[in-house]
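Just so you know, these numbers come straight off a predicted model, no measurement behind them. Numbers here simply count residues along the sequence, with the first being 1.
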Amino acid sequence: MSSGRPTEDRISDLPESILCHILSFLPTKSAATTMILSKRWKPVWLSVLILNFDDKEFNDFEIFRKFVYSIMFSLRDQKTSIQSFTLKLYFYSRFKQRELNRIFKFVVQRGVKNLNFDLSGKSLCIKLPPCILSCKMLQVLRLKNLKMWDFDQVNFPCLKTLHLNYVDFKSPKYFAKFLYGCPILEDLNAKSYTFQKSIDPMENLNALPSLVKVRVCYNTDIPMSLVCKTGILQIEQIWGMTWKPLPMFHNLTHMELTFWLSFLKGECRSLKEILPNFPNLQHFNINLISTNSRCETYTCSECSKVVPPNPTIAPECLSSQLKTFSIQCSTIPQIQKTSTTVSSNL
(Lines give C-alpha, C1' and ligand atoms only; values in the text may rest on other atoms or scores of the structure.)
Protein backbone atom coordinates (compact mmCIF):
# COMPACT_ATOMS: atom_id res chain seq x y z
CA MET A 1 0.00 0.00 0.00
CA SER A 2 1.12 3.55 -0.65
CA SER A 3 2.30 5.48 2.40
CA GLY A 4 1.08 8.73 0.90
CA ARG A 5 4.57 10.17 0.79
CA PRO A 6 5.86 11.61 -2.52
CA THR A 7 7.94 9.23 -4.62
CA GLU A 8 11.66 9.87 -4.24
CA ASP A 9 13.32 11.17 -7.39
CA ARG A 10 16.51 9.17 -7.35
CA ILE A 11 17.39 9.88 -10.99
CA SER A 12 17.66 13.61 -10.41
CA ASP A 13 20.11 12.93 -7.57
CA LEU A 14 22.58 11.24 -9.91
CA PRO A 15 25.80 13.09 -10.81
CA GLU A 16 25.52 15.36 -13.83
CA SER A 17 28.01 13.25 -15.78
CA ILE A 18 25.68 10.23 -15.53
CA LEU A 19 22.62 12.29 -16.46
CA CYS A 20 24.46 13.59 -19.52
CA HIS A 21 25.36 10.04 -20.48
CA ILE A 22 21.70 9.01 -20.24
CA LEU A 23 20.58 11.96 -22.37
CA SER A 24 23.25 11.21 -24.98
CA PHE A 25 21.14 8.24 -26.16
CA LEU A 26 18.25 10.57 -27.09
CA PRO A 27 17.81 12.80 -30.14
CA THR A 28 18.77 16.35 -29.18
CA LYS A 29 15.16 17.51 -29.47
CA SER A 30 14.04 14.89 -26.92
CA ALA A 31 16.96 15.69 -24.63
CA ALA A 32 15.95 19.35 -24.68
CA THR A 33 12.47 18.57 -23.39
CA THR A 34 13.94 17.31 -20.09
CA MET A 35 14.57 20.93 -19.08
CA ILE A 36 10.93 21.19 -17.97
CA LEU A 37 11.29 18.42 -15.39
CA SER A 38 12.88 20.58 -12.71
CA LYS A 39 15.53 23.22 -12.10
CA ARG A 40 18.01 20.39 -11.61
CA TRP A 41 17.45 19.19 -15.17
CA LYS A 42 17.31 22.57 -16.90
CA PRO A 43 21.05 22.98 -17.64
CA VAL A 44 21.94 19.28 -17.97
CA TRP A 45 21.01 18.70 -21.61
CA LEU A 46 23.23 21.61 -22.69
CA SER A 47 26.28 19.73 -21.42
CA VAL A 48 25.63 16.56 -23.44
CA LEU A 49 28.61 15.75 -25.66
CA ILE A 50 26.50 14.08 -28.36
CA LEU A 51 24.31 16.16 -30.69
CA ASN A 52 21.78 14.46 -32.96
CA PHE A 53 19.71 16.70 -35.24
CA ASP A 54 17.04 15.24 -37.54
CA ASP A 55 14.76 17.64 -39.41
CA LYS A 56 12.03 14.97 -39.73
CA GLU A 57 11.29 15.61 -36.06
CA PHE A 58 10.11 19.15 -36.91
CA ASN A 59 7.10 20.26 -38.91
CA ASP A 60 8.66 23.55 -39.97
CA PHE A 61 12.17 24.05 -41.35
CA GLU A 62 12.65 27.53 -39.91
CA ILE A 63 11.92 26.20 -36.44
CA PHE A 64 14.43 23.44 -37.02
CA ARG A 65 17.05 25.93 -38.26
CA LYS A 66 16.59 28.15 -35.20
CA PHE A 67 16.79 25.10 -32.92
CA VAL A 68 20.12 24.00 -34.43
CA TYR A 69 21.60 27.50 -34.37
CA SER A 70 20.48 28.31 -30.84
CA ILE A 71 21.93 25.11 -29.39
CA MET A 72 25.22 25.29 -31.24
CA PHE A 73 25.95 29.01 -31.16
CA SER A 74 23.96 30.49 -28.25
CA LEU A 75 22.80 28.19 -25.46
CA ARG A 76 25.71 25.78 -25.08
CA ASP A 77 29.01 26.79 -23.54
CA GLN A 78 31.27 27.45 -26.51
CA LYS A 79 34.11 25.57 -24.80
CA THR A 80 32.10 22.36 -24.43
CA SER A 81 33.45 19.64 -26.67
CA ILE A 82 31.33 17.65 -29.15
CA GLN A 83 32.25 13.98 -29.27
CA SER A 84 29.55 12.87 -31.70
CA PHE A 85 27.52 14.90 -34.22
CA THR A 86 24.67 13.77 -36.48
CA LEU A 87 22.84 15.97 -38.99
CA LYS A 88 20.06 14.38 -41.06
CA LEU A 89 18.34 16.51 -43.69
CA TYR A 90 15.40 15.52 -45.87
CA PHE A 91 13.26 16.96 -48.65
CA TYR A 92 12.15 20.25 -47.19
CA SER A 93 15.50 21.21 -45.65
CA ARG A 94 16.78 24.51 -47.04
CA PHE A 95 20.22 24.86 -45.49
CA LYS A 96 22.57 26.64 -47.84
CA GLN A 97 26.11 25.43 -48.46
CA ARG A 98 27.65 28.29 -46.48
CA GLU A 99 25.42 27.51 -43.50
CA LEU A 100 26.50 23.88 -43.51
CA ASN A 101 30.14 24.93 -43.80
CA ARG A 102 29.72 27.09 -40.69
CA ILE A 103 28.01 24.34 -38.70
CA PHE A 104 30.63 21.72 -39.47
CA LYS A 105 33.53 24.10 -38.93
CA PHE A 106 32.17 24.69 -35.42
CA VAL A 107 31.83 20.94 -34.84
CA VAL A 108 35.35 20.17 -36.08
CA GLN A 109 36.79 22.84 -33.80
CA ARG A 110 35.15 21.05 -30.83
CA GLY A 111 37.14 17.88 -31.49
CA VAL A 112 34.38 15.69 -32.89
CA LYS A 113 35.23 11.96 -33.07
CA ASN A 114 32.05 10.52 -34.59
CA LEU A 115 30.43 12.34 -37.52
CA ASN A 116 27.27 11.39 -39.43
CA PHE A 117 26.10 13.67 -42.27
CA ASP A 118 22.99 12.26 -43.95
CA LEU A 119 21.26 14.02 -46.86
CA SER A 120 18.90 11.15 -47.67
CA GLY A 121 16.06 13.26 -49.00
CA LYS A 122 18.07 15.86 -50.86
CA SER A 123 19.10 15.92 -54.49
CA LEU A 124 22.80 15.31 -55.04
CA CYS A 125 23.86 18.96 -54.90
CA ILE A 126 25.49 19.54 -51.50
CA LYS A 127 29.27 19.31 -51.27
CA LEU A 128 31.07 17.98 -48.24
CA PRO A 129 32.19 20.97 -46.13
CA PRO A 130 35.97 21.16 -46.73
CA CYS A 131 36.80 21.58 -43.03
CA ILE A 132 35.77 17.96 -42.43
CA LEU A 133 38.67 16.69 -44.56
CA SER A 134 41.18 17.90 -41.98
CA CYS A 135 39.41 16.66 -38.86
CA LYS A 136 42.34 14.96 -37.12
CA MET A 137 40.34 13.65 -34.15
CA LEU A 138 37.73 11.87 -36.25
CA GLN A 139 37.39 8.11 -35.65
CA VAL A 140 34.05 7.33 -37.35
CA LEU A 141 32.73 9.06 -40.50
CA ARG A 142 29.39 8.30 -42.18
CA LEU A 143 28.37 10.25 -45.27
CA LYS A 144 25.21 9.87 -47.37
CA ASN A 145 24.11 11.51 -50.63
CA LEU A 146 26.93 14.05 -50.96
CA LYS A 147 29.27 15.37 -53.61
CA MET A 148 33.01 14.92 -53.25
CA TRP A 149 34.48 17.11 -55.94
CA ASP A 150 37.92 18.76 -56.04
CA PHE A 151 39.88 18.58 -52.83
CA ASP A 152 43.58 18.95 -52.12
CA GLN A 153 44.25 16.93 -49.00
CA VAL A 154 42.54 14.44 -46.71
CA ASN A 155 43.94 14.06 -43.20
CA PHE A 156 42.18 11.47 -41.03
CA PRO A 157 45.03 10.03 -38.92
CA CYS A 158 42.59 8.50 -36.37
CA LEU A 159 39.77 7.34 -38.68
CA LYS A 160 38.92 3.64 -38.31
CA THR A 161 35.36 3.44 -39.70
CA LEU A 162 34.25 4.97 -43.02
CA HIS A 163 30.77 4.47 -44.50
CA LEU A 164 30.02 6.09 -47.87
CA ASN A 165 26.44 5.83 -49.11
CA TYR A 166 25.69 7.39 -52.52
CA VAL A 167 28.74 9.67 -52.37
CA ASP A 168 29.62 11.22 -55.71
CA PHE A 169 33.37 11.33 -56.41
CA LYS A 170 34.78 13.12 -59.41
CA SER A 171 36.92 10.16 -60.49
CA PRO A 172 38.52 6.94 -59.17
CA LYS A 173 41.64 9.00 -58.55
CA TYR A 174 39.80 11.15 -56.00
CA PHE A 175 38.27 8.10 -54.36
CA ALA A 176 41.72 6.58 -53.88
CA LYS A 177 43.05 9.92 -52.67
CA PHE A 178 40.28 10.06 -50.07
CA LEU A 179 41.09 6.55 -48.80
CA TYR A 180 44.82 7.24 -48.63
CA GLY A 181 44.01 10.00 -46.15
CA CYS A 182 42.83 7.27 -43.74
CA PRO A 183 46.07 5.38 -42.91
CA ILE A 184 44.61 3.22 -40.09
CA LEU A 185 41.19 2.56 -41.64
CA GLU A 186 39.72 -0.78 -40.50
CA ASP A 187 36.07 -0.76 -41.64
CA LEU A 188 35.10 0.44 -45.14
CA ASN A 189 31.50 0.38 -46.39
CA ALA A 190 31.08 1.91 -49.85
CA LYS A 191 27.62 1.78 -51.39
CA SER A 192 26.96 2.96 -54.93
CA TYR A 193 29.37 5.84 -55.22
CA THR A 194 29.54 7.36 -58.71
CA PHE A 195 32.05 9.21 -60.88
CA GLN A 196 31.46 12.38 -62.86
CA LYS A 197 33.91 11.32 -65.54
CA SER A 198 34.78 7.96 -67.03
CA ILE A 199 38.46 7.33 -66.38
CA ASP A 200 40.44 4.15 -66.93
CA PRO A 201 40.72 2.09 -63.73
CA MET A 202 43.90 2.63 -61.74
CA GLU A 203 46.33 -0.21 -61.18
CA ASN A 204 49.28 -0.89 -58.88
CA LEU A 205 47.77 0.98 -55.95
CA ASN A 206 49.23 0.38 -52.53
CA ALA A 207 46.79 -1.50 -50.29
CA LEU A 208 45.42 0.08 -47.13
CA PRO A 209 47.39 -1.76 -44.45
CA SER A 210 44.91 -1.93 -41.53
CA LEU A 211 41.67 -2.98 -43.22
CA VAL A 212 39.67 -5.65 -41.41
CA LYS A 213 36.26 -5.46 -43.10
CA VAL A 214 35.22 -4.18 -46.54
CA ARG A 215 31.70 -4.01 -47.89
CA VAL A 216 30.98 -2.69 -51.38
CA CYS A 217 27.49 -2.48 -52.89
CA TYR A 218 25.66 -2.09 -56.19
CA ASN A 219 27.56 -0.27 -58.95
CA THR A 220 30.64 0.39 -56.86
CA ASP A 221 33.75 -0.22 -58.96
CA ILE A 222 36.31 -0.07 -56.19
CA PRO A 223 39.98 -0.60 -57.11
CA MET A 224 40.46 -3.99 -55.47
CA SER A 225 44.20 -3.48 -55.00
CA LEU A 226 43.31 -0.85 -52.40
CA VAL A 227 41.49 -3.35 -50.20
CA CYS A 228 43.36 -6.61 -50.79
CA LYS A 229 44.65 -6.78 -47.19
CA THR A 230 41.19 -7.04 -45.66
CA GLY A 231 40.12 -10.10 -43.68
CA ILE A 232 36.39 -9.86 -44.50
CA LEU A 233 34.96 -8.96 -47.92
CA GLN A 234 31.27 -8.48 -48.72
CA ILE A 235 30.15 -7.62 -52.25
CA GLU A 236 26.52 -6.80 -53.09
CA GLN A 237 26.20 -6.46 -56.84
CA ILE A 238 22.58 -6.93 -57.79
CA TRP A 239 23.20 -7.00 -61.54
CA GLY A 240 25.73 -9.82 -61.47
CA MET A 241 29.44 -10.08 -60.94
CA THR A 242 31.99 -8.58 -63.33
CA TRP A 243 35.26 -10.31 -62.49
CA LYS A 244 38.41 -8.40 -63.31
CA PRO A 245 42.08 -9.23 -62.69
CA LEU A 246 42.40 -9.45 -58.94
CA PRO A 247 45.37 -9.04 -56.59
CA MET A 248 46.12 -11.68 -53.98
CA PHE A 249 44.01 -11.48 -50.81
CA HIS A 250 46.33 -13.25 -48.38
CA ASN A 251 44.48 -12.11 -45.24
CA LEU A 252 40.96 -12.90 -46.44
CA THR A 253 39.13 -15.55 -44.40
CA HIS A 254 35.45 -14.58 -44.97
CA MET A 255 33.81 -13.64 -48.27
CA GLU A 256 30.15 -13.00 -49.06
CA LEU A 257 28.64 -12.33 -52.51
CA THR A 258 25.11 -11.13 -53.29
CA PHE A 259 23.55 -11.01 -56.79
CA TRP A 260 20.58 -12.12 -58.89
CA LEU A 261 20.15 -15.88 -59.16
CA SER A 262 19.87 -15.65 -62.94
CA PHE A 263 23.42 -14.30 -63.10
CA LEU A 264 24.83 -17.31 -61.27
CA LYS A 265 24.47 -19.49 -64.38
CA GLY A 266 27.93 -19.84 -65.84
CA GLU A 267 29.59 -18.13 -62.86
CA CYS A 268 31.12 -21.27 -61.36
CA ARG A 269 33.98 -21.21 -63.86
CA SER A 270 34.88 -17.62 -63.01
CA LEU A 271 34.49 -18.35 -59.30
CA LYS A 272 36.93 -21.22 -59.62
CA GLU A 273 39.36 -18.95 -61.43
CA ILE A 274 39.38 -16.32 -58.70
CA LEU A 275 39.44 -18.63 -55.66
CA PRO A 276 43.25 -19.08 -55.88
CA ASN A 277 43.47 -15.32 -55.18
CA PHE A 278 42.08 -16.06 -51.71
CA PRO A 279 44.53 -18.71 -50.44
CA ASN A 280 43.34 -18.49 -46.81
CA LEU A 281 39.60 -18.25 -47.46
CA GLN A 282 37.72 -20.31 -44.88
CA HIS A 283 34.08 -19.23 -45.17
CA PHE A 284 32.29 -18.43 -48.42
CA ASN A 285 28.63 -17.31 -48.52
CA ILE A 286 26.55 -16.64 -51.63
CA ASN A 287 23.26 -14.74 -51.32
CA LEU A 288 21.00 -15.10 -54.35
CA ILE A 289 18.01 -12.92 -55.22
CA SER A 290 15.22 -14.39 -57.36
CA THR A 291 12.16 -12.76 -58.93
CA ASN A 292 10.31 -16.09 -58.89
CA SER A 293 8.16 -17.27 -56.03
CA ARG A 294 10.53 -20.24 -55.77
CA CYS A 295 14.30 -20.28 -55.93
CA GLU A 296 15.02 -22.32 -59.05
CA THR A 297 17.98 -24.62 -59.58
CA TYR A 298 20.87 -23.90 -61.93
CA THR A 299 23.50 -25.98 -63.71
CA CYS A 300 27.13 -25.47 -62.84
CA SER A 301 28.99 -24.86 -66.09
CA GLU A 302 32.24 -26.13 -64.61
CA CYS A 303 31.25 -29.49 -63.16
CA SER A 304 27.99 -29.89 -65.21
CA LYS A 305 25.88 -30.70 -62.18
CA VAL A 306 22.51 -29.33 -61.19
CA VAL A 307 22.85 -27.23 -58.04
CA PRO A 308 19.72 -26.31 -56.04
CA PRO A 309 19.52 -23.10 -54.00
CA ASN A 310 19.78 -25.18 -50.80
CA PRO A 311 22.36 -27.83 -51.68
CA THR A 312 23.37 -30.61 -49.32
CA ILE A 313 26.96 -30.47 -50.56
CA ALA A 314 29.06 -27.71 -52.08
CA PRO A 315 29.71 -27.82 -55.82
CA GLU A 316 32.97 -29.69 -56.46
CA CYS A 317 34.49 -26.77 -58.31
CA LEU A 318 34.05 -24.48 -55.27
CA SER A 319 34.82 -26.72 -52.33
CA SER A 320 38.52 -27.47 -52.61
CA GLN A 321 39.75 -24.45 -50.63
CA LEU A 322 36.90 -23.94 -48.17
CA LYS A 323 35.88 -25.03 -44.69
CA THR A 324 32.28 -23.79 -44.97
CA PHE A 325 30.17 -22.88 -47.97
CA SER A 326 26.59 -21.58 -47.87
CA ILE A 327 23.94 -20.46 -50.31
CA GLN A 328 20.92 -18.37 -49.29
CA CYS A 329 18.11 -17.57 -51.67
CA SER A 330 15.69 -14.65 -51.25
CA THR A 331 12.57 -14.37 -53.39
CA ILE A 332 10.94 -11.09 -54.33
CA PRO A 333 8.53 -9.70 -53.24
CA GLN A 334 7.92 -12.13 -50.38
CA ILE A 335 11.63 -12.36 -49.44
CA GLN A 336 11.30 -16.02 -48.48
CA LYS A 337 14.68 -17.38 -47.46
CA THR A 338 16.24 -20.81 -47.51
CA SER A 339 19.81 -21.47 -46.52
CA THR A 340 22.29 -24.19 -45.84
CA THR A 341 25.85 -24.46 -44.64
CA VAL A 342 28.20 -27.17 -45.84
CA SER A 343 31.23 -27.96 -43.71
CA SER A 344 34.28 -29.97 -44.57
CA ASN A 345 37.52 -30.69 -42.76
CA LEU A 346 40.41 -29.75 -44.96
Would H250 and K229 count as a side chain to side chain contact (heavy atoms under 4.5 Å, CB included) if you check the C-alpha gap in whole Å, the side-chain angles of each, and the deciding distance to 0.1 Å?
CA-CA 7 Å; H250 291 287; K229 290 190 177 182; over 6 Å; no

Compare every heavy atom of L128 with every heavy atom of M148, then report the nearest pair and how far apart it is.
SD-CD2, 3.4 Å

Could you check whether atom NZ of K213 has more than 12 heavy atoms from other residues, nucleotides or ligands sitting under 6.0 Å from it?
no

Close side-chain approach of D54 to F64, heavy-atom, < 4.5 Å
no

Residues L205 and A176: closest non-hydrogen pair is CD1-CB, 4.4 Å

Does K29 qualify as a cation-pi partner of F67, given the criterion of NZ or CZ under 6.0 Å from the six-membered ring centre and within 45 degrees of its axis?
no

At their closest point, which heavy atom of C182 faces which heavy atom of L208, and how far apart are they?
O-CD2, 4.4 Å

Would you say L133 and L188 are hydrophobically clustered, going by side-chain heavy atoms of ILVMFWY under 4.5 Å?
yes

Any donor-acceptor pair under 3.5 Å linking the side-chain atoms of N285 with those of S326?
yes

Can the positive tip of R102 be found less than 6.0 Å from the middle of the six-membered ring of F106, inside 45° of the ring normal?
no

So how far is it from Q139 CD to N114 CG, rounded to the nearest 0.5 Å?
8.5 Å

Test of understanding: with side-chain hydrogen bond (donor to acceptor under 3.5 Å, both in side chains), list the residues that count as partners of N287, not counting sequence neighbours.
E256, T258

Got a sec: does the CG of D77 have more than 12 other heavy atoms crowding it under 6.0 Å?
yes

Taking side-chain hydrogen bond (donor to acceptor under 3.5 Å, both in side chains) as the definition, give me every residue that meets it alongside R142, ordered by chain and number, with sequence neighbours left out.
none

Side chain to side chain contact (heavy atoms under 4.5 Å, CB included) filter on T86, not counting sequence neighbours, yields N52, K88, N116

K177 atom NZ, over 12 foreign heavy atoms within 6.0 Å
yes

Count the heavy atoms belonging to other residues, nucleotides or ligands that lie under 6.0 Å from CG of D60, then report whether that count exceeds 12.
yes

Which pair of heavy atoms, one from C228 and one from S225, lies closest together, and at what distance?
SG-O, 3.5 Å

Going by heavy atoms in the side chains, are L252 and N280 under 4.5 Å from each other?
no

Grab the two heavy atoms, one from N101 and one from C131, that are nearest each other, plus how far apart they are.
O-SG, 4.3 Å

Closest approach of L115 to V107 (non-hydrogen atoms, all atoms of both residues)
CD1-CG1, 4.4 Å

May I ask you to check whether F284 and F278 place their ring centres under 6.0 Å from each other?
no

Given the options F95, F104, F53, F117 meets ring pair (Phe, Tyr, Trp, His ring centres under 6.0 Å) only with F104

